[in-house]
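Read the structure below first, then the notes.
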Amino acid sequence: MLSKERELWERVGTVGKTKQNFLLSLPLSPVSPTSTIFLLLLLMRSKIRQLFCEWRGVSIAASSIAGFTIALRCLGYLQLFEWAALDCFFLWRPVESHDPRIAIVTIDESDIHYVGQWPIPDLILAQLLQKLNSFSPRAIGLDIYRDLPVEPGHEELVDVFESVEKTIGVEKVVGDAYGSAVGAPPKLKELGRIAAADLVLDGDGKVRRALLSLHNKDGETVLGLGTSLAWRYLEAEGIGYEMTEDYSVKLGRALFVRFTGNDGGYVGADTGGYQILLNYRGSLENFETISMQDVLEGRVSPESIRDRIVLIGATAQSLNDLFYTPYSTTRLGIPKRTPGVAVHANIASQILNAALLGRPLLDTWSDPLEWLWIIVWSWVGAILAWTWRATRATIFAWLAGLFLAIAMAYIAFLYGWWIPAVPPAIALSGSASAITAYIANRERADRQMVMNLFGRHVTPKIADTIWRDRHELLSKGKIVGRSLTATVLFTDLKGFSAIAEQLEPAALMTWLNEYMNAMVELILDHNGVVDKFIGDAVMAVFGVPIPSNTSEEIAGEAIAAVSCAVAMGKKLTALNRKWRMQGCPLVAMRVGISTGTVVAGSLGSSRRMDYTIIGDTVNIAARLESYNKSIDGGVCRILISELTYQYIRDKFTTQCIGAVILKGRQQAERIYQVLF
């Protein structure tokens, strides 16, 4: 049994056939299961190696583009684009209803005119707070700085601050580029009912994060206005908070995870205070609003205030308490800013609805998971471009992949996850572009290889056909051998050796090149392929490399070959007349034509390779050209095989030479001479 296995492996190493032919060539005698498994493993390894070679470019491109995209992201170059994508998700999300737990008392331009001045006098604020308190709200947030008295009515306002325990005032704890720190109302500061009005702005000036708390200059913790109001509301519901070991806050049904500098699309962001990503409910329009004038004049239903959080804040454009948010983008391209009181209302709404109803907070993936996501989409882009190589199909596949990447990120957003959208889109597009360029480069190399194989020996029409069907012709850097039916033409000059002895080498080459150029032009004009030059001999083929599949097409190739031979004879007659006048040698030629099965493909080594044909048909054409040189044919003697005659007999005048045994053959072949 071992000897059989050894013999089998010797066949594996030496047989010079394709895998299919190799399998057919195996002996039918049974071999051991070990040999069978061994053979299967060998074929699997060969297939895997082939696949690896084909997909190596895909792997390199996908990995490189993914790494480059991840590097861009880690360096912060994609931050603005990821913020913009998040803003789009907020705008695309279905509009949410009004939060029934929050009402906003607005102070717009008409309210300022109603009062007659700004800042609003303390007396008006005192009356406003008393009116609101009479409707039994859960908490009142006064989003108006009042660190200094605004007469008249300062004493009345201080009394209201003390009596209306639901009132929470604000201070600006941290000074920044948008304004210096602003103190709290002294009385509310004394009573411990102060919250921070500070908001966190991103590099593009938009508010996307909620500041739950921060430390003032004395190291004391100050809750944000939205946080303070929400916690007072939840206390009335019997819900308290719990701090976990990783400093996350458990509040009702929600777990608030502290923002880190690299969450989502952020890179190295400021993490001062206790921040979370702000999952907006909407802009000012997503909350019930009541004008200050309506409250003061008693045009407000108590039900619109009772058991709600009430925020009081300026919405007038002239007061400039406005901020850019994801909702600032409009169709007209003019940014629309959101009042600060609406941002605080969104923060309070997010806390309330997460704690009471489990409304999703915005969560993010870990960095490794986000990197893996980018790598996956880079591979998707590369695979799509490699699989769909046609230009239109590639564009369609790329657009479909791009849509899918963004759609998945958007769907994840609807469920409270901010996952990368822009980096996957860049990775997908980059890898698809790289693979497209790689394919284009390979095609240029393939085209160059095809042109190197065929050179100038085919017509532009055939060259275009070859390039169009290149994927069927090319394999592993060469044109695969294939069996097809073609017509082979051989030509040779009579008495060339004697002429070569008479002429100087330079004159001989000039004379021979003139002859060759004329013959090659005729071959190309008849859609033939010049296979090779052998001294003064020319070998041409009609019907390659694109095979003729019908008998009509094969007949057409045979007719073209004979027509070409006749044209060669006429052209040589004209050349002889010219050479006689120039004093050059006169010459005659012999032509042999045979139709039949040939094998066409690349032949040679890795350093030099030519496209050629081999087979018995080639041998017959060569033997016909050299057969019985005493048969006269004038300036051009044309002999054809029996099969060629069957295809052209109705098109040309012929005579039967007879059934002869050609040199090197054992069976007789009926041959014919074409007369013209």
Side-chain angles (χ1 to χ4, degrees), residues 90 96-106 129 132 135-144 166-173 188 193-200 207-214 221-241 249-256 259 273-290 304-315 321 323 325-327 338-362 416:
F90 277 114
E96 297 190 48
S97 61
H98 287 178
D99 191 328
R101 300 173 183 83
I102 297 176
I104 299 177
V105 176
T106 62
L129 292 173
L132 293 173
F135 297 144
S136 302
R138 290 280 181 97
I140 302 173
L142 183 61
D143 188 23
I144 298 175
K166 300 174 182 179
T167 304
I168 298 174
V170 295
E171 64 176 332
K172 192 173 189 306
V173 177
L188 292 178
R193 297 200 304 253
I194 291 296
D198 300 69
L199 296 174
V200 182
V207 180
R208 299 184 182 88
R209 288 171 282 166
L211 189 60
L212 299 188
S213 67
L214 71 164
T221 298
V222 182
L223 298 180
L225 178 58
T227 310
S228 181
L229 294 171
W231 284 17
R232 282 179 175 265
Y233 187 100
L234 294 173
E235 283 178 352
E237 298 288 330
I239 298 176
Y241 75 92
V249 176
K250 183 74 170 62
L251 189 63
R253 298 172 59 180
L255 180 66
F256 296 87
F259 171 81
Y274 197 109
Q275 303 177 29
I276 62 171
L277 292 172
L278 180 47
N279 189 6
Y280 277 91
R281 189 179 193 89
S283 56
L284 183 65
E285 291 75 16
N286 286 82
F287 298 93
E288 183 174 350
T289 58
I290 306 166
S304 61
I305 302 296
R306 184 174 294 111
D307 288 330
R308 288 186 174 186
I309 291 174
V310 179
L311 289 101
I312 305 170
T315 59
D321 186 20
F323 297 87
T325 70
Y327 297 95
T338 300
V341 66
V343 177
H344 292 297
N346 269 283
I347 297 173
S349 176
Q350 176 175 347
I351 296 172
L352 290 177
N353 286 278
L356 295 172
L357 304 178
R359 180 177 181 264
L361 301 168
L362 273 186

Using only atom types and a distance under 3.5 Å, with no angle test, would you say the side chain of [X] pairs donor to acceptor with the backbone of [Y]?
X      : Y      : result
Asn286 : Ser283 : yes
Arg193 : Leu188 : no
His344 : Thr227 : no
Asn346 : Asn279 : no
Arg101 : Asp307 : no
Arg308 : Pro100 : yes
Gln350 : Leu277 : yes

I need the minimum non-hydrogen distance between [X] and [Y], along with the two atoms involved.
X      : Y      : value
Ile347 : Leu211 : CD1-N, 4.5 Å
Val222 : Ala195 : CG1-C, 3.9 Å
Ser349 : Phe287 : CB-CE2, 3.9 Å
Phe256 : Ala354 : CZ-CB, 4.1 Å
Leu361 : Ala254 : CD1-CB, 4.4 Å
Ala230 : Leu352 : O-CD2, 3.7 Å

Value rounded to 0.5 Å, distance of [atom1] in [X] from [atom2] in [Y]:
X      : Y      : atom1 : atom2 : answer
Leu214 : Leu223 : CG    : CG    : 9.0 Å
Tyr233 : Ile351 : OH    : CD1   : 13.5 Å
Ile104 : Thr315 : CD1   : OG1   : 9.0 Å
Ile168 : Ile309 : CD1   : CD1   : 8.5 Å
Lys166 : Leu129 : NZ    : CG    : 12.5 Å
Ile140 : Thr167 : CD1   : OG1   : 4.5 Å

Any side-chain heavy-atom pair of [X] and [Y] under 4.5 Å:
X      : Y      : result
Leu225 : Leu311 : yes
Arg209 : Leu278 : no
Thr221 : Tyr274 : no

(request) Give the C-alpha distance, both sets of side-chain angles, the deciding distance and a yes or no for side chain to side chain contact (heavy atoms under 4.5 Å, CB included) between Leu356 and Leu234. (result) CA-CA 8 Å; Leu356 295 172; Leu234 294 173; 3.8 Å; yes

(message) Under the rule for side chain to side chain contact (heavy atoms under 4.5 Å, CB included), what residues qualify as partners of Asp321, not counting sequence neighbours?
(response) Asp143, Phe323

(message) Using 30° and 60° as the class boundaries, would you call the ring planes of Tyr280 and Tyr327 parallel, tilted or perpendicular?
(response)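 The arrangement is perpendicular - the two ring planes meet at more than 60°.
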
(request) May I ask you to check whether over 12 heavy atoms, not counting those of Tyr241, lie within 6.0 Å of atom OH? (result) no

(request) Using the side chain to side chain contact (heavy atoms under 4.5 Å, CB included) rule, take Val207 and Thr338 through it: C-alpha gap first, then chi angles, then the decisive distance, then the call. (result) CA-CA 10 Å; Val207 180; Thr338 300; over 6 Å; no

(message) We want to know whether Thr289 and Thr106 form a side-chain donor-acceptor pair, criterion being a heavy-atom distance below 3.5 angstrom.
(response) no

